[in-house]
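In what follows, a structure is listed as C-alpha cells, so that the remarks can point back to it.
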Amino acid sequence: MAAMHPRTIVHIDLDCFYAQVEMVADPKLKDKPLGIQQKNIIVTCNYPARARGVHKLMYINKVPKVCPDLIIRDGSNLKRYREASEKILDHLRGWTPEVERLGMDEFFLDVTHMVADEQEKMEKKLDFVGHVYRGETLTLIETQTRNESHVPSCTAKVHHCRCGCYQRLMTGSHIAQRIRTSLYQTLGYTASAGISVGKMIAKLSGELKKPNQQTTMLPAYIDGFLAPLRVRKIPGCGYSTSKKLASLGIETVTQLRNLSKQKLIKAVGAQIGGRLHDLAFGLDTSHVVATVREKQMSEEDSFKSCTAIDDVALRILSILRPLLERVRMRFQKHGDLPSTLRLTIRDRLSHQKTEQSKINTSGGAYFTTRTSRQTTIPLGFFHPENKKQEGYCVDHLMKLFFKMIPRKNQRFHLTLINVAVARFQAFGGAGKLGKQHGIDSFFIQSPTKTAPSSEDNIPTTRMAHLEHVKHTTDATRISQTARKRKFKTPPSFFRPRPPVQCTSGERAPQPERRQPAEQPVEPEPVTAEEIDALYITAARVTP
DNA sequence: CTGGGGTCCT
DNA sequence: AGGACCC
C-alpha cells in the first residue's frame with residue numbers, strides 16, 4: 001500500500017536575512033542592535049534589535065524611542081542581498097537539485113530522495129534532532145510504550161502513522177540539521193527550518209522556533225496544529241482573501257473547514273478556494289519546483305513626489321542604469337536577453353477617484369494601485385554591444401509613460417516608478433560567441449527601416465541633454481533650447497539572427513501559450529515633435 | 001506614512 | 001494590464 005505521507009519537505013528560512021548579510025560582511029555588528037533601512041522604514045533588523053522592541057517594517061521615526069543606539073545600514077541597494085541569496089541557493093543545490101526559492105531568503109527542499117538513500121545505506125536514526133512539535137507528548141508515549149505501561153488512547157492515536165513517515169521525518173530532521181550546519185560553516189549564515197510532509201506545513205512548522213532552530217511536524221499533529229490558526233496564516237490566503245472570508249464570518253481554520261468547498265469557491269474563486277479547502281485539512285500535494293532563472297528583472301524607486309516630465313526622465317534613467325547592468329551580467333552568464341520592456345507607475349492623481357470606490361467595496365485601507373504599459377523589443381536590443389540602448393530605452397519608456405499620461409496638460413503626481421524587463425530568450429547561442437564571430441553578425445538591420453544614417457545619434461544627444469537638465473531648474477528655458485534642437489531620423493534597431501535554440505530544456509513542457517505578435521515591431525522612438533511637446537508639457541506642469 | 005523586489009492567476 | 005500573493 002502506498003504511503004500516505006510519502007514526501008519529506010524541508011523549508012529553510014534565513015534569519016533576518018538583510019541584517020544577517022550585513023553581519024556576515026561586518027562581524028563587529030553581530031551582537032549590536034542592527035536595522036536595515038529603506039526609505040523611511042526599517043525593513044528588517046537583527047535579534048538584538050528585536051529584543052529592544054524594533055520590528056520589521058517599522059517607521060524610522062519610531063526608532064529613537066525604543067532603541068536610540070540602533071545601528072542602521074542602508075538596504076536600498078539589493079545587490080549584495082541578491083548575491084548572498086544566489087550563493088545560498090547554489091549551496092543548497094549541492095545537497096539536492098530540488099530547491100525552490102521564495103523571495104530571497106526562503107527555500108523549499110524536497111529531500112524525499114535523500115531520506116530514501118540514507119535509509120537504504122545507513123542505520124535508521126533513533127531520535128529526532130531539533131524540536132518536534134509537541135515533542136513532550138511524543139517522548140511520554142515512547143517511554144510508556146517501552147515500559148509497556150498504560151497509554152492514554154487518544155494520545156496514542158495521535159502520533160500513530162504506520163506509513164513510514166515517522167522514520168522518514170526522523171531522518172529528514174537530521175538532513176535538515178546537516179544542511180543548516182553546512183550553511184553556517186561554509187557561508188556563515190544561520191537559518192531556521194521546518195520539516196514535514198508538505199510544503200505549507202513545513203513552512204508553518206519552521207516559524208515555531210526561531211532563530212537558528214528547527215521544528216519537525218508529524219502528520220498526526222497537523223490537524224490539531226492548524227485548527228486554531230487564523231486563515232490569514234495560511235500561505236496563499238492574503239489580505240484580500242482573508243477579508244472576503246471574514247465577511248462570511250470565517251476567521252479560523254476550523255471555521256474554514258466547516259464551509260463547503262462550493263461556497264468557498266464561490267467566495268474566493270476556484271483556484272484559491274480549492275487550494276484553501278484542502279490546506280485547511282493539511283492536504284497539500286503541491287510540488288517543490290526547482291527554481292531556475294528569474295523570469296523578469298526590475299528596479300524601482302519610490303518617492304514623495306514627481307510632477308515634472310524632466311524629473312520622470314531622470315528618474316527613469318537612474319533606475320534603468322543598474323537594470324541594464326544586471327541584464328548584461330545575466331547575458332554574460334546565461335546568454336539570454338529580454339524582449340519585453342515595461343514601465344510601471346503609481347500616480348496619486350489618476351487614481352484618486354477610484355480611491356473612494358475602493359474604500360467602499362473592500363472596506364479597508366486602499367492600496368495605491370499601479371499602472372503599467374509594456375512593449376515588445378527586438379531581442380538584440382539589449383545586447384551589450386548595442387551602445388545606445390540606454391538612450392533607446394529612455395525613448396521607449398517615455399513613450400510608455402505618455403500612454404498612461406496621455407494629455408499634454410494632464411497633471412500627474414508620481415510616487416513610484418518601476419522599470420522591468422521580461423521574456424528572456426536565448427540569444428546567439430552564448431554570451432561569449434559575440435566576440436568570436438564579430439558582433440555585427442548578430443544583428444540584422446530591421447527591414448522596416450531605411451539604413452541608419454550617420455546622424456543616428458539622437459538618443460545620445462538627448463541623453464546629454466538630460467544630463468544637462470539635471471543641473472538646471474528653469475523648465476521654460478529648457479523647452480526653448482530643446483525646441484531649437486534638430487532631431488533627425490529615428491534610430492535603427494536590431495534584430496537577432498534566426499533563433500538558435502532555446503536553452504530552456506530543463507523546464508517542464510508548458511501548455512501552448514501564444515506569444516503576442518512575435519514580429520519585433522519597430523519600436524518607434526519618440527519623434528522630435530513629441531520631444532518638443534514633452535518639454536512644453538514640462539514647462540506647464542512645473543510649478 | 002509600507003520597501004524593493006518577485007510569482008502566478010484572471 | 002491588473003490583481004493577488006510571497007518575501
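In what follows, chains carry the letters A, B, and so on, assigned in the order in which the sequence lines appear, proteins first and then strands, with residues in each chain numbered from 1.
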[N] [atom2] sits how many Å from [X] [atom1], rounded?
X: A/E100; N: C/dC7; atom1: CD; atom2: C1'; answer: 13 Å
X: A/K243; N: C/dC5; atom1: NZ; atom2: P; answer: 11 Å
X: A/E86; N: B/dG5; atom1: CD; atom2: P; answer: 15 Å
X: A/D13; N: C/dC7; atom1: CG; atom2: C1'; answer: 9 Å
X: A/I12; N: C/dC7; atom1: CD1; atom2: P; answer: 16 Å
X: A/N418; N: B/dG6; atom1: CG; atom2: C1'; answer: 11 Å
X: A/I234; N: C/dC5; atom1: CD1; atom2: P; answer: 13 Å
X: A/D74; N: B/dG4; atom1: CG; atom2: P; answer: 9 Å

Between [options], spot the one nearest the side chain of [X], thanks.
X: A/K295; options: C/dC5, B/dC8, B/dG5; value: B/dC8
X: A/L102; options: B/dG3, C/dC6, C/dA1; value: C/dC6
X: A/Q271; options: B/dT7, C/dA1, B/dC9; value: B/dC9
X: A/I41; options: C/dA4, B/dG6, B/dT2; value: B/dT2
X: A/S372; options: C/dC6, B/dT7, C/dA1; value: C/dA1
X: A/Y18; options: B/dG4, B/dG5, C/dC5; value: B/dG4

So that I can tick it off, tell me whether [Y] and [X] are bridged by a salt bridge, with the cut-off set at under 4.0 angstrom between side-chain N and carboxylate O.
X: A/D347; Y: A/R411; value: no
X: A/K399; Y: A/D395; value: no
X: A/D336; Y: A/R330; value: yes
X: A/R326; Y: A/E299; value: yes
X: A/K87; Y: A/D90; value: no
X: A/E300; Y: A/R370; value: yes
X: A/R80; Y: A/E83; value: no

Of all of residues 45-60 of chain A, which get a heavy atom below 4.0 angstrom from DNA chain B, listed by number?
A/L57, A/Y59
[N] phosphate, OP1 or OP2: any side-chain N/O from [X] under 4.0 angstrom?
X: A/R346; N: B/dT2; value: no
X: A/S240; N: C/dA4; value: yes
X: A/R370; N: C/dG2; value: no
X: A/S76; N: B/dG4; value: no
X: A/S302; N: B/dG4; value: yes
X: A/T371; N: C/dA1; value: no
X: A/S298; N: B/dG4; value: no
X: A/R326; N: B/dG6; value: yes
X: A/R232; N: C/dC6; value: yes

Verify whether one side chain among A/R101 and A/S85 offers a donor that lies under 3.5 Å from an acceptor in the other.
yes
Going by distance alone, is a donor N or O of one side chain under 3.5 Å from an acceptor N or O of the other, for A/E22 and A/Y81?
yes
A/K39 vs A/A270, nearer the 5' end of DNA chain B by closest nucleotide:
A/K39
5' priority, DNA chain B, between A/G75 and A/Q296 [closest heavy atom]:
A/G75
Could you check whether [X] gets within reach of a base, just the sugar-phosphate, or nothing at all, counting any heavy atom under 4.0 Å?
X: A/N61; value: base
X: A/D105; value: sugar-phosphate
X: A/R373; value: sugar-phosphate
X: A/E106; value: sugar-phosphate
X: A/K304; value: nothing

Side-chain donor-acceptor contacts of residues 267-281 of chain A below 3.5 Å, not counting sequence neighbours, with atom names and distances?
residue	atom	partner	partner atom	Å
A/R275	NH1	A/D284	OD1	3.2
A/D278	OD1	A/K261	NZ	3.4

Give me the distance, rounded to whole Å, that separates B/dT2 from C/dC6 when you measure between the C1' atoms they each carry.
15 Å
